[in-house]
Amino acid sequence: VLFDFFYSKNGIYLSREIRQTVFTLVDELQKVTEDTKTNEIKISNAKFKKLKSLRDKAITQTRNHIGLRDINLPTEQLELIDKIK
């Protein structure tokens, strides 16, 4: 289901670099959620850091790829992210 969008007529083009990172992230998310029967899951700090690192890498690669290196998240969103750490 997570990959359906990429292969649909509405999918988006991803460079090989971004595709590898995004698909690795999706694979990791699927592993974490595959045995979950509820909307809540518990993961270790190490797994969280790995997922967050992959997410950050995908964002950075995408920004660099489309020329948006200088765009930053609004301050309110950064504060929410800091609370998660």
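Remember, it's a predicted structure, so these values are computed and weren't measured experimentally.
Heavy-atom neighbours of K49 NZ from other residues, nucleotides or ligands within 6.0 Å: at or below the threshold of 12.
Residues passing the salt bridge (Lys or Arg N to Asp or Glu O under 4.0 Å) test with K31 are E28, sequence neighbours excluded. Residues satisfying the side chain to side chain contact (heavy atoms under 4.5 Å, CB included) test with T33, not counting sequence neighbours, are T36, I41.
Cluster annotation: I59 is not connected to V26 through the hydrophobic network of ILVMFWY side chains, with a link wherever side-chain heavy atoms come within less than 4.5 Å. Linking Ile, Leu, Val, Met, Phe, Trp and Tyr whenever their side-chain heavy atoms come within less than 4.5 Å puts L29 and F48 in one cluster.
T24 contributes a side-chain N or O that, together with a main-chain N or O of Q20, makes up a donor-acceptor pair within less than 3.5 Å.
The CD atom of Q61 lies 3.5 Å from the OG1 atom of T21; values are rounded to the nearest 0.5 Å.
Between R55 and L25 the shortest heavy-atom distance is CA-CD2, 3.9 Å.
Between T60 and K57 the shortest side-chain heavy-atom distance does not fall below 4.5 Å.
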